[in-house]
There are 2 protein chains.
Amino acid sequence: MNTNQADDALLALAQSFREALRQSVYVMRRLDSEEQLSSAQLGVLKMALDGGARVGGIARNLGVKVPSATEQIIKLERAGLVKREADPDDSRAVRVAATAAGRAAVENADRRRNEYIAGILGTLSQAERDAVEAALPVFDKINHSVQN
Amino acid sequence: MNTNQADDALLALAQSFREALRQSVYVMRRLDSEEQLSSAQLGVLKMALDGGARVGGIARNLGVKVPSATEQIIKLERAGLVKREADPDDSRAVRVAATAAGRAAVENADRRRNEYIAGILGTLSQAERDAVEAALPVFDKINHSVQN
DNA sequence: CCTAACAGTTAGGCTACCTAAATATCAAGT
DNA sequence: ACTTGATATTTAGGTAGCCTAACTGTTAGG
């Protein structure tokens, strides 16, 4: 039956996709293990760059629960990379802002990680890089479908 | 300069790639959170399917250290999904083999996860699915470059 | 035999996540 | 004003998965 064939193809693709996901987790771990700033902290810090991120927003954006975001923010604060201040408009809320040191740390971490990945991408053929580039927006779309 | 332009393009692609990696971790977490068998355990269990996986091999294959593999194996053993037995050829070594229940659990977990992902893939256009399919082998290549 | 290398387990510790409960503030309705 | 329900964050306590260091037992080469 045609629908079954289509389903089978989809399931096979899903299987390969899952394998890529698994490896991605592994790659992220390696990438993290060679840096001072964890990717969880880097994610929080990036959101604090504009100067007025709220805890709930950070959590939502990162796909974690609010207490997990608070935890990372406290660590960053202790490291002097962000500061927490009361929201002038809503005293329940907290504004998280990157300090100058935080800003520098993001740039550093981002650069180092990008260079590492770029080094690997540089060993690929142009066709391979094109394939990656073409797939990234689709990956993004898939990843957002998982939300919640 | 030409090389700098090329580098910039590579760095930009690296940045997007990293973003996809970050989201992959998130997706894996969601996927895991709705299942009984964690993906760490599923990985171990799959390697025990053929009946004679060794702890060191499992660890290497999964990209974790030996004690981490042992930990997962013990959990699976307690759940009755694998059994550990002495290697007849080398008494230092341990053979990890899936039980019938373990075999069934893998099939179940794999099917459910694949169906979930296939469901999402099914909402994409054929062109988008093609883009994913074309990129997966390249992802694989990149991921293996990170080894060690 | 002895010793170095190897296979695994145990012990102890870390990070990042989670849920539930506490605190404080806000916004509405009365 | 006053209560009440919703919202924002923190605190407390717990889990999973990973790591390194140290220990036990086995093997293999000199």
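Proteins come first, then strands; the chains are lettered A, B, ... in the order of their sequence lines, and each starts at number 1.
Put simply, B:Q72 has no side-chain N or O that comes within less than 4.0 Å of OP1 or OP2 on D:dA16.
One interatomic measurement links the two molecules: CZ of A:R29 to C1' of C:dC17, which rounds to 14 Å at whole-angstrom precision. Taking atom OH on A:Y26 and atom C1' on D:dC19, their separation rounds to 14 Å, with Å as the unit. For A:R60 and D:dA8, the CZ to P distance is 7 Å, given to the nearest whole Å. Rounded to whole angstrom, the span from the CD atom of B:E34 across to the P atom of D:dA16 amounts to 18 Å. As rounded to whole Å, 17 Å separates atom P of D:dA16 from atom CG of B:L42. Following rounding to the nearest Å, B:D87 (CG) and D:dG25 (P) show an atom-to-atom distance of 18 Å. Rounded to an integer number of Å, the gap from CD1 of A:I58 to P of D:dT10 is 10 Å. As a whole-Å value, the separation of B:E77 CD from C:dT10 P is 10 Å.
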Hey, mind stepping through A:D32 and A:S38 against side-chain hydrogen bond (donor to acceptor under 3.5 Å, both in side chains) and telling me if it holds? CA-CA 6 Å; A:D32 263 23; A:S38 74; 5.1 Å; no
Could you give me the CA-CA distance, side-chain angles and deciding distance for B:R111 and B:N108, then say whether side-chain hydrogen bond (donor to acceptor under 3.5 Å, both in side chains) is met? CA-CA 5 Å; B:R111 186 175 43 70; B:N108 237 283; 3.1 Å; yes
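Between A:S91 and A:Q41, the one whose closest nucleotide on DNA chain C sits nearer the 5' end is A:Q41. Looking at which nucleotide of DNA chain D each of A:D90 and A:E71 is closest to, the 5′-most match is held by A:D90. Positionally, the nearest nucleotide of DNA chain C for B:A93 lies more toward the 5' end than for the other of B:A93 and A:K65.
Residues B:F139 and A:F17 place their aromatic rings such that the two centres sit no closer than 6.0 Å.
Between the side chain of A:R92 and the base of C:dC26, no donor-acceptor pair under 3.5 Å is found.
Among the protein residues, A:T70 comes within range of the nucleic acid bases, having at least one heavy atom under 4.0 Å from a base atom. Among the protein residues, A:S33 comes within range of no part of the nucleic acid, since none of its heavy atoms lies under 4.0 Å from any strand. Contacts of A:V66 with the nucleic acid, taken as non-hydrogen atoms under 4.0 Å apart, include base atoms. Among the protein residues, B:S68 comes within range of the nucleic acid bases, having at least one heavy atom under 4.0 Å from a base atom. Among the atoms of the strands shown, none is found under 4.0 Å from any heavy atom of A:R95.
A donor-acceptor pair under 3.5 Å is formed between the side chain of A:R129 and the backbone N or O of A:L124. At least one donor-acceptor pair closer than 3.5 Å links the side chain of B:T99 to the backbone N or O of B:L81.
With D:dC19, D:dT9, C:dC18 as the candidates, the nucleotide lying closest to the side chain of A:V55 is D:dT9.
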